Amino acid sequence: MEKAYEPQDVEARRYAEWEAGGYFHAEPAPGKPKYSIAIPPPNVTGTLHMGHALNHAVQDALGRWHRMQGDTVLILPGMDHAGIATQTVVSRQLEKEGLTRFDLGREKFVERVWAWKEEYGSRILVQLKRLGCSYDWQRLRFTMDPEYVEAVLEAFVRFFDAGLIYRGKRMVNWSVGLQTVISDIEVENIETDGSLWHINYPFADGSGFVTVATTRPETLMGDTAVAVNPADPRYSDQIGKMLRLPLTDREIPLIADDYASMEFGTGAVKITPAHDPNDYEVGLRHNLEQISVIGFDGKMTAEAGVRYAGWDRFEARDLIVGDLEAAGVLEKIERYKHSIPHCDRSKTVIEPLLSEQWFMKQAGTELVAKSTAIVSDGGIDFAPSRYAKTYVDWMDGIRDWALSRQLWWGHRIPIYYKSDGSYVAARNWDEAVQRAGTDELTQDEDVLDTWFSSALWPFATLGWPHQTADLAYFYPTDFLTTAGEILRLWVARMVMTGLEFTGEKPFSDVYIHATVLDKKGRRMQKSIGNGIDPVEMIDKYGADALRFSLLRLASKGQDIKFSEERIPESRNFGNKLWNAARFVLLNLEEPNPGVTADPGATAPDSPGGKDEEATLTPPSLLGKGAGGLGSSLPERWIQSRLQRTITAVNSALASYDMDDACAALYDFQWNEYCDWFVELSKPALQGEDGPAKESARRVLLSVLDTTLRLLHPIMPFVTEEIWSNLPGKTGSICVAPYPVADESLLDPAAEAGMTLVIGSITALRGLRAEFTPGGPEHEAARAAILARRFRVIVVPEGEQAVDTLRALLPSLVSLARLGEVTLANAAPTDAKYVSVGVAGASYYVPASELLEGIDPAKESVRLVGEIAKLDKELAAVSGRLNNPGFVSKAAPEAVEKARQDVADLTERRGKLEARRGLL
RNA sequence: GGGCGGUUGGCUCAGUGGUAGAGCACUUCCUUCACACGGAAGGGGUCGGGGGUUCGAAUCCCUCACCGCCCA
């Protein structure tokens with residue numbers, strides 16, 4: 001094994017082995033527990049970003065965890081055709097050739113998109129493999145697969161037949177940039193510094209004017225009223241009067257409507273029903289005319305008048321403002337900060353326009369009611385739970401869903417028009433002909449919102465609308481993880497379609513993962529260039545390091561401030577594990593002449609290397625039985641600690657607390673196994689006591705084996721690489737049993753004993769450090785004291801401590817680098833010692849051992865410092881005990897513990913005082 | 001304007017009533033035969049401000065300030 005773990009050499013090879021081994025493929029196994037996840041399908045145009053990396057690290061960890069527990073695990077991968085995004089990419093490609101999609105025509109264009117998809121569309125899948133995702137690639141699905149298209153059409157027709165889909169002229173969010181309508185939730189409101197123009201609208205009868213404040217003077221030609229609040233005293237006697245629209249001869253009424261806010265501007269707002277969603281509603285209430293002055297191309301229409309027609313909407317604004325000023329009706333221009341709706345894809349300003357579109361009824365439907373209830377009644381769990389409220393709140397205010405998109409790439413809406421304009425919905429041409437009673441039909445030109453197909457993902461990927469064995473076994477899925485921002489776009493809609501078409505919820509648990517931000521707390525965005533490329537990080541540090549880094553920060557949906565500096569920590573952790581394994585394996589190789597007679601075992605030094613495994617006792621035979629294997633204090637301790645770790649990790653994974661799972665593993669493996677158990681094993685491994693040596697080897701190996709399996713879901717590659725090299729291992733750790741805590745191995749006495757041992761070693765090392773001078777001028781003195789093995793007198797407190805220290809003396813000697821050690825009943829009574837104490841024992845080192853001629857004054861200062869520390873603690877604890885309220889009201893255990901603490905602290909303090917008195 | 005989340009050592013974060021924790025960074029020391037992607041020993045925080053509840057508050061309540069996200 002190499003001295004440092006090199007992920008680059010390992011990952012590609014291991015992943016290929018896993019795929020070849022078929023570990024990720026799942027078939028229905030009725031009667032056997034299953035765990036299924038349909039991954040959020042990335043856009044076919046997508047490349048892996050940190051948000052994906054986190055999302056997939058979580059999913060894969062949970063899937064691997066369940067797979068090791070013996071469940072049939074299906075993680076179903078796939079891609080979304082991403083209508084707008086993909087069409088945009090291909091259009092840009094055409095643009096470079098000097099073409100537009102219209103030059104090609106629909107059919108050729110769609111062919112071109114397919115060609116693009118074949119060439120570039122699987123980048124992200126390769127990247128997911130780099131991350132180690134254990135997905136069933138044989139089941140890869142795409143939302144434009146023929147089977148999937150069938151599901152989409154089926155869903156549309158069923159919704160249509162149920163009366164939920166309708167065509168209507170409505171105000172839509174028109175993306176001028178993309179030349180299509182987009183849904184409300186694809187709109188991003190961006191706070192912008194704008195202006196508020198105050199324009200005077202004269203009364204038609206010449207009796208003065210009303211000043212109207214607007215952010216959009218270019219829509220003035222489309223005004224069909226001015227509204228004021230009915231309660232506004234400034235206008236109460238003028239409601240109903242006619243105003244002359246500036247720059248025109250047209251007269252419009254002054255109306256009263258609650259929509260007009262008395263606080264906004266002058267309290268009077270112009271109403272443009274064809275260009276503002278609120279004005280549209282006002283217009284409906286007051287039966288106002290809708291005049292479209294801006295067209296789909298973002299230019300002023302003929303209805304805007306000859307002077308303005310053909311101008312771009314923003315140029316027209318300047319032109320109109322200029323004309324208003326010239327006409328003397330521009331009262332003032334105010335600076336004004338407000339939100340402007342933008343298209344989240346093209347980043348262009350949305351134009352609210354009137355347009356014929358297909359909609360799906362949402363508000364008030366039974367479907368929405370059911371979909372709300374299943375979450376509010378706890379049928380679907382959210383983590384963090386607060387997102388359930390977000391979901392329910394949104395459902396309560398849900399609006400109808402604009403389904404049609406003016407695109408070519410996507411599922412073409414299966415509506416067929418007859419020559420008289422009437423229409424039918426149908427799954428295919430034949431059904432359309434049959435339903436319409438004629439074959440003189442034309443299909444709707446628009447395609448469906450991409451989210452319509454995504455909404456069917458959990459079941460359409462399993463064969464729906466056919467009642468397949470896959471669907472029966474794997475559906476409903478068990479887990480969904482996604483970003484909070486698509487809770488409404490995607491999650492809510494899957495719930496709706498799932499309930500409607502399968503009668504079941506599509507998943508039982510939804511985990512909303514954190515947003516990965518940059519180190520300054522900003523979203524990672526291409527435009528800022530602050531993104532970190534996960535693949536680059538994998539190249540540099542390995543997939544395990546990236547996964548561990550993300551998961552250890554993934555706490556309770558809290559956003560993650562991430563930077564590359566966090567990754568080496570995890571890389572180092574993997575390397576630490578690697579080297580611990582090297583140590584264990586090196587020690588197994590060395591023959592142990594002290595033991596030859598393990599029943600049924602072959603000779604440990606038999607040829608063939610791996611035959612050694614036969615001499616190893618299975619973990620189940622290791623126990624804390626007196627005198628047997630695994631019976632030493634450190635051995636009982638590490639096994640007890642391991643059981644606690646197993647419990648912690650399982651429980652953390654069960655509650656999706658990935659950070660807790662990582663922390664438990666990190667602490668155990670590094671701070672307990674490596675720092676203490678490995679070190680404490682060394683005397684036995686290097687000693688001549690055959691059985692002790694054998695026991696140490698077996699426990700080292702057994703605990704390592706368990707740790708690897710415990711860690712595998714989070715760091716799959718390094719654990720596989722090590723585990724496969726352990727003696728006696730065949731197959732893959734992917735399907736090795738996941739550890740379950742064995743309570744019989746819990747050993748509180750061993751844990752208490754080790755607390756004493758660790759405390760003692762730490763205290764004695766501290767003593768040495770304290771007397772080791774720094775700086776180049778003290779090199780000789782430093783070398784002398786570092787080389788010295790201290791003589792020590794140990795005074796244990798209580799029989800337990802005597803036994804513990806007696807048993808662990810070799811370890812103490814080795815790790816604290818001691819010389820002659822004497823166990824004594826009482827402290828030495830002369831001054832020539834330096835002492836340190838821990839709970840359970842005191843240690844006395846002759847002053848002459850530390851440095852020639854300890855300065856009594858200096859030593860006194862040291863003791864005073866220690867006493868001061870104890871005094872501080874004593875003051876706090878006894879302060880509480882002196883409080884009558886504490887003694888009478890606090891829990892008896894708390895009071896008892898405080899009393900015990902005071903006693904212990906007082907005793908230790910007494911000893912220090914005694915030492916000081918001797919100086 | 002409404003809702004949600006956050007504010008703990010230099011940095012990134014754990015910690016939901018009983019003596020403040022981790023990793024990184026920092027200081028000193030150590031190239032000891034698993035690992036310098038390492039080991040040992042240290043220093044460092046009145047837990048955003050104010051008020052309240054309680055014997056006891058980082059933790060519960062109120063309030064203010066600031067930061068972020070979502071929605072309108």
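Below, chains carry the letters A, B, ... as their sequence lines are ordered, and counting in each starts from 1. Note that this is a predicted model, so its numbers are computed, not measured.
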- Message: Nearest to the A:Trp670 side chain among B:U19, B:G39, B:C35, which nucleotide is it?
- Response: B:G39
- A:Asn572 vs B:G38: side-chain N/O to OP1/OP2 distance below 4.0 Å: yes
- Note on the structure: B:G38 -> Watson-Crick or G-U wobble partner, both distances under 3.5 Å, gives B:C30
- Say you pick atom C1' in B:A58 and the same atom in B:G9; how far apart are they, in whole Å? 14 Å
- Query: Applying a 3.5 Å limit to both distances, which nucleotide forms a Watson-Crick or G-U wobble pair with B:G23?
  - Reply: B:C11
- Query: In Watson-Crick or G-U wobble terms, both distances under 3.5 Å, what is the partner of B:U46?
  - Reply: none
- Note on the structure: Paired to B:U54 by Watson-Crick or G-U wobble criteria (both distances under 3.5 Å) is none
- Task: Assign A:Arg782 to base, sugar-phosphate, or nothing according to its heavy-atom contacts below 4.0 angstrom with the strands shown.
- Result: sugar-phosphate
- Message: Let me confirm one number: the OG-CE distance from A:Ser549 to A:Met50, rounded to the nearest 0.5 Å.
- Response: 8.5 Å
- Tell which nucleotide pairs with B:G5, taking only Watson-Crick or G-U wobble pairs whose two distances are both under 3.5 angstrom. B:C67
- Does any donor-acceptor pair link the side chain of A:Glu679 with the base of B:A34 at a separation under 3.5 Å? yes
- Item | Touch class at under 4.0 angstrom, heavy-atom based, for A:Ser888 against every strand present | nothing
- Item | Along RNA chain B (nearest heavy atom to each residue), the more 5'-positioned of A:Val678 and A:Lys889 | A:Val678
- Choosing from B:C35, B:C37, B:U12, which nucleotide comes nearest the side chain of A:Glu6? B:C37
- Measure from the side chain of A:Leu786, starting at C-beta and using heavy atoms only, and say which of B:C29, B:A41, B:C55 lies closest. B:C29
- Task: Quick one: look up who B:U16 pairs with, Watson-Crick or G-U, both distances under 3.5 Å, and put none if it's unpaired.
- Result: none
- Distance, C1' atom - from B:U59 to B:U53, rounded to whole angstrom: 13 Å
- Out of B:A41, B:G38, B:A40, whichever nucleotide has its closest atom nearest the side chain of A:Asp675: B:A40
- Query: Looking only at atom P, what distance separates B:G43 and B:C70, rounded to whole Å?
  - Reply: 44 Å
- Item | Side chain of A:Ala580 (C-beta onward), nearest among B:U19, B:C55, B:A34 | B:A34
- Item | A:Thr772 side-chain N/O to B:A41 phosphate OP1/OP2 under 4.0 Å | no
- Could you tell me the separation between the NZ atom of A:Lys897 and the P atom of B:U19, rounded to a whole number of Å? 6 Å
- Task: Just call it for A:Arg765: base, sugar-phosphate, or nothing, with non-hydrogen atoms closer than 4.0 Å on any strand.
- Result: sugar-phosphate
- Do the side chain of A:Lys576 and the base of B:C35 come within less than 3.5 angstrom through a donor-acceptor pair of N or O atoms? yes
- If you check the A:Phe886 side chain, which of B:C55, B:C35, B:A41 turns out closest? B:C55
- Query: With a non-hydrogen cut-off below 4.0 angstrom, is A:Tyr666 in contact with a base, only sugar-phosphate, or nothing?
  - Reply: sugar-phosphate
- Do the rings of A:Phe382 and A:Tyr391 sit parallel, tilted or perpendicular, given the 30° and 60° boundaries? tilted
- Item | Donor-acceptor pair (no angle test) under 3.5 Å: A:Arg386 side chain, B:C4 base | no
- Message: Work out how far the C1' atom of B:C24 is from that of B:U32, and round it to whole angstrom.
- Response: 26 Å
- Return no unless some side-chain N or O of A:Lys682 is found under 4.0 Å from OP1 or OP2 of B:A34. yes
- Query: Quick one: SG on A:Cys662 to CZ on A:Phe548, what's the gap to the nearest 0.5 Å?
  - Reply: 4.5 Å
- Message: Nearest 0.5 Å, please: how far is CD1 in A:Ile532 from CZ in A:Arg566?
- Response: 11.0 Å
- Message: If only side-chain N and O atoms count, and only distance matters, is there a donor-acceptor pair under 3.5 Å linking A:Arg880 with A:Asn883?
- Response: no
- Please determine, for the side chain of A:Ala890, which listed nucleotide (B:A34, B:G18, B:C13) has the closest atom? B:G18
- B:U12, B:G23, B:C37: which one has an atom nearest the side-chain heavy atoms of A:Asn575? B:C37
- Message: Cation-pi check for A:Phe583 against A:Lys682: NZ or CZ below 6.0 Å from the six-membered ring centre and within 45 degrees of the axis, yes or no?
- Response: yes
- A:Arg880, nearest nucleotide to its side chain (from B:C13, B:U19, B:G23): B:U19
- Message: Is A:Trp676 close enough to B:G39 that one of its side-chain N or O atoms is under 4.0 Å from OP1 or OP2 there?
- Response: no
- For A:Glu721 and A:Tyr5, does a side-chain donor sit closer than 3.5 Å to a side-chain acceptor? no
